[in-house]
Participant: 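Pasting a structure here, questions to come.
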Amino acid sequence: MAGVAVVTGAGRGFGREIAKRLSGRGYAVLATDLDGEAAAATAEAIGGFSMQLDVRDPEAHRRVARAAIERGPLEVWVNNAGVLRTRKAWDHPDDEVRLEVDVNLYGVIWGSRAAVDAMRERGGQNMHVINLGSMSAFTPVPGLAVYAATKHAVLGFTASLQGDLIAAGVPIAMHVVCPDGADTDM
C-alpha cells in the first residue's frame, strides 16, 4: 500500500481525475477543495477522505498536512486548485486579478511549503510535490495574460524550490505539469 496523497481542488475537473488516479495506485487520498461538499463527493467516490481547504490560507494548508500524516506517510502533494478568468489584462477587475494570483500562485507556494515541512519531518524517500502549471506559461494566449503570469511564476517557484531541496539534501522531487486546454468545468 502506498502512503497518503493530498490533492487540492479535487472537487471537480483535473483535481478529481488526479485523485482517482492516485487512489487507483494505492494511495489514501485526502481530497480538498474550497467546496467542502465537492471534496467529500470525490473522497466518497474513491474511498478517500476529505477536508475543505481555501488554498489562499497558509495555516489551512498546515492543517491539511497534519490531517494527512495522521493517516500515514505523506508521499504525494498535488497543488491543483486554480482559477481562470478569460479577459484582456486591462479588463480584469482588481479583485479578479488578486483572486487569480492568490489561488494560482500563493496557493501553490503555501501548499508546497506545507508539504515540504510535513515530508521533511517524516524523512524517507519517494516523496513528490506536483504543481499544476499551464501551457499558457510558455506561449502567448490572448485573454489569459494574468492566468499565464501566475502559471509562469509556478514554473519559477517550483524549479527554485527543487534547487533548494537538492542543496539541502532533502529527497523530495518537485514537478510541474503544464497541461493544455481541457474540457473541464474550469
Side-chain angles (χ1 to χ4, degrees), residues 1-33 39 42-43 45-51 53 55-58 60-82 103-135 137-138 150-180 182 184 186:
M1 173 83 173
V4 177
V6 170
V7 181
T8 71
R12 61 190 173 103
F14 281 154
R16 181 169 250 214
E17 294 303 314
I18 291 166
K20 286 179 186 177
R21 293 277 178 120
L22 289 167
S23 177
R25 291 182 179 194
Y27 289 96
V29 177
L30 172 47
T32 71
D33 202 287
T42 295
I46 63 171
F49 58 117
S50 69
M51 287 180 71
L53 171 64
V55 298
R56 298 169 292 180
D57 179 356
H61 283 281
R62 291 187 279 271
R63 284 192 299 273
V64 166
R66 286 190 296 271
I69 61 177
E70 286 176 6
R71 296 282 183 119
L74 178 58
E75 293 181 358
V76 177
W77 185 295
V78 182
N79 288 304
N80 165 73
V103 171
N104 298 349
L105 176 57
Y106 285 128
V108 167
I109 292 171
W110 303 138
S112 295
R113 288 170 38 126
V116 167
D117 285 347
M119 290 172 176
R120 284 179 60 213
E121 206 172 284
R122 167 194 147 211
Q125 301 294 317
N126 199 32
M127 297 176 290
H128 301 270
V129 176
I130 303 165
N131 295 329
L132 269 286
S134 169
M135 288 298 291
F138 298 110
T150 66
K151 296 303 186 172
H152 192 76
V154 166
L155 288 171
F157 170 76
T158 305
S160 293
L161 178 53
Q162 182 67 80
D164 287 343
L165 292 166
I166 291 168
V170 177
I172 299 171
M174 298 297 303
H175 311 272
V176 179
V177 177
C178 294
D180 198 352
T184 69
M186 188 171 170

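Keep in mind the model is a prediction, meaning the values are calculated, not measured.
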Participant: Ignoring hydrogens and geometry, is there a side-chain-to-backbone donor-acceptor pair from Ser50 to Ala31 under 3.5 Å?
Facilitator: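 No; zero donor-acceptor contacts below 3.5 Å.
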Participant: Quick one, Val29 and Ile18 - any side-chain contact, counting heavy atoms below 4.5 Å?
Facilitator: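 A side-chain contact under 4.5 Å is absent here.
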Participant: Between atom NZ of Lys20 and atom OG1 of Thr42, what is the distance when rounded to the nearest 0.5 Å?
Facilitator: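 These two atoms lie 8.0 Å from each other.
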Participant: Checking side-chain polar atoms at under 3.5 Å, does Asn131 have a donor or acceptor matched by the opposite partner on Thr158?
Facilitator: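 There is such a pair between these side chains.
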Participant: Tell me if a side-chain donor or acceptor on Thr8 pairs with a main-chain N or O of Ala81 at a distance below 3.5 Å.
Facilitator: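 Indeed, once roles are kept as given, a pair shorter than 3.5 Å links the two residues.
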Participant: Is any NZ, NE, NH1 or NH2 atom of the basic residue among Asp117 and Arg62 found under 4.0 Å from an Asp or Glu carboxylate oxygen of the other?
Facilitator: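 Salt bridge: no.
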Participant: Whether the side chain of Glu75 engages the backbone of Val4 through a donor-acceptor N/O pair (distance < 3.5 Å, no angle test) should be reported.
Facilitator: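 Checking the backbone N and O of Val4 against the side chain of Glu75, no donor-acceptor pair under 3.5 Å is found.
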Participant: I need the minimum non-hydrogen distance between Ala2 and Arg25, along with the two atoms involved.
Facilitator: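 Smallest interatomic distance, heavy atoms only, reads CB-O, 4.1 Å.
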Participant: Any chance you could lay out the salt bridge (charged side-chain N to carboxylate O under 4.0 Å, His left out) test for Arg16 and Asp33, step after step, and finish with the verdict?
Facilitator: CA-CA 10 Å; Arg16 181 169 250 214; Asp33 202 287; over 6 Å; no
Participant: Starting at CG of Leu132, measure out to NE2 of His175 and round the result to the nearest 0.5 Å.
Facilitator: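 Here the rounded value is 12.5 Å.
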Participant: When you compare the side chain of Val78 with that of Val6, does any pair of heavy atoms fall below 4.5 Å?
Facilitator: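 Sidechains of Val78 and Val6: no contact.
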Participant: Please check this pair: side chain of Ser23 against backbone of Ile46, looking for a donor-acceptor N/O pair closer than 3.5 Å.
Facilitator: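 Between the backbone of Ile46 and the side chain of Ser23 there is a qualifying donor-acceptor contact (under 3.5 Å).
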Participant: CD/Glu121 to CE/Met119 distance, rounded to the nearest 0.5 angstrom?
Facilitator: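 It is 12.5 Å, given to the nearest 0.5 Å.
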Participant: When you measure from the centre of the six-membered ring of Tyr106, is the NZ or CZ of Arg56 under 6.0 Å away and within 45° of the axis?
Facilitator: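 Negative - Arg56 is either too far from the ring of Tyr106 or too far off its axis.
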Participant: Hey, does Ile130 have a side-chain heavy atom less than 4.5 Å from the side chain of Val76?
Facilitator: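 Of all side-chain heavy-atom pairs linking Ile130 with Val76, at least one is under 4.5 Å.
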Participant: State whether the side chain of Asn80 and the backbone N or O of Gly9 hold a donor-acceptor pair below 3.5 Å, judged by distance alone.
Facilitator: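 Checking the backbone N and O of Gly9 against the side chain of Asn80, a donor-acceptor pair under 3.5 Å is found.
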Participant: Is a side-chain N or O of Lys151 found less than 3.5 angstrom from the main chain of Cys178, in a donor-acceptor match?
Facilitator: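 Side chain of Lys151 to backbone of Cys178: no pair is present.
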Participant: Would you confirm whether Gln162, through its side chain, and Ile172, through its main-chain N or O, come within 3.5 Å as a donor-acceptor pair?
Facilitator: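 Flag set: sc Gln162 to bb Ile172 pair under 3.5 Å.
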Participant: Using a 4.5 Å cut-off on heavy atoms from C-beta on, say whether the side chain of Val116 contacts that of Leu161.
Facilitator: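 Counting from C-beta outward, Leu161 and Val116 do come under 4.5 Å.
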Participant: Are Ser112 and Asn79 linked by a side-chain donor-acceptor pair shorter than 3.5 Å?
Facilitator: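 Side chains of Ser112 and Asn79: pair found under 3.5 Å.
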Participant: Just wondering, do Leu30 and Met51 contact through their side chains at under 4.5 Å, heavy atoms?
Facilitator: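 A side-chain contact exists here, since the closest heavy-atom pair is under 4.5 Å.
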Participant: Could you check whether any side-chain heavy atom of Met127 comes within less than 4.5 Å of a side-chain heavy atom of Leu74, counting everything from C-beta outward?
Facilitator: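 Sidechains of Leu74 and Met127: no contact.
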Participant: Measure across Ala68 and Phe49 and return the closest heavy-atom pair with its distance rounded to 0.1 Å.
Facilitator: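 Reported closest heavy-atom pair: CA-CZ, 4.4 Å.
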Participant: Are Phe157 and Val108 side-chain neighbours, meaning at least one heavy-atom pair lies under 4.5 Å?
Facilitator: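 Yes. Closest side-chain heavy atoms under 4.5 Å.
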Participant: Looking only at non-hydrogen atoms, find the nearest pair between Asn126 and Tyr27 and report the distance.
Facilitator: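 Heavy atoms of Asn126 and Tyr27 come nearest at ND2-OH, 4.4 Å.
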Participant: Is Ile69 close to Arg122 at the side-chain level, that is, under 4.5 Å between some pair of heavy atoms?
Facilitator: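 No, side chains not in contact.
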Participant: Please report the shortest heavy-atom distance between Val103 and Gly82, naming the atom on each side.
Facilitator: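 The answer is CG1-CA, 3.7 Å.
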Participant: When you measure from the side chain of His152 to the backbone of Ala137, do you find a donor-acceptor pair of N or O atoms at a distance under 3.5 Å?
Facilitator: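 Here the side-chain-to-backbone pair exists.
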Participant: Does any N or O in the side chain of His128 come within less than 3.5 Å of the main-chain N or O of Trp77, such that one atom is a donor and the other an acceptor?
Facilitator: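 Absent.
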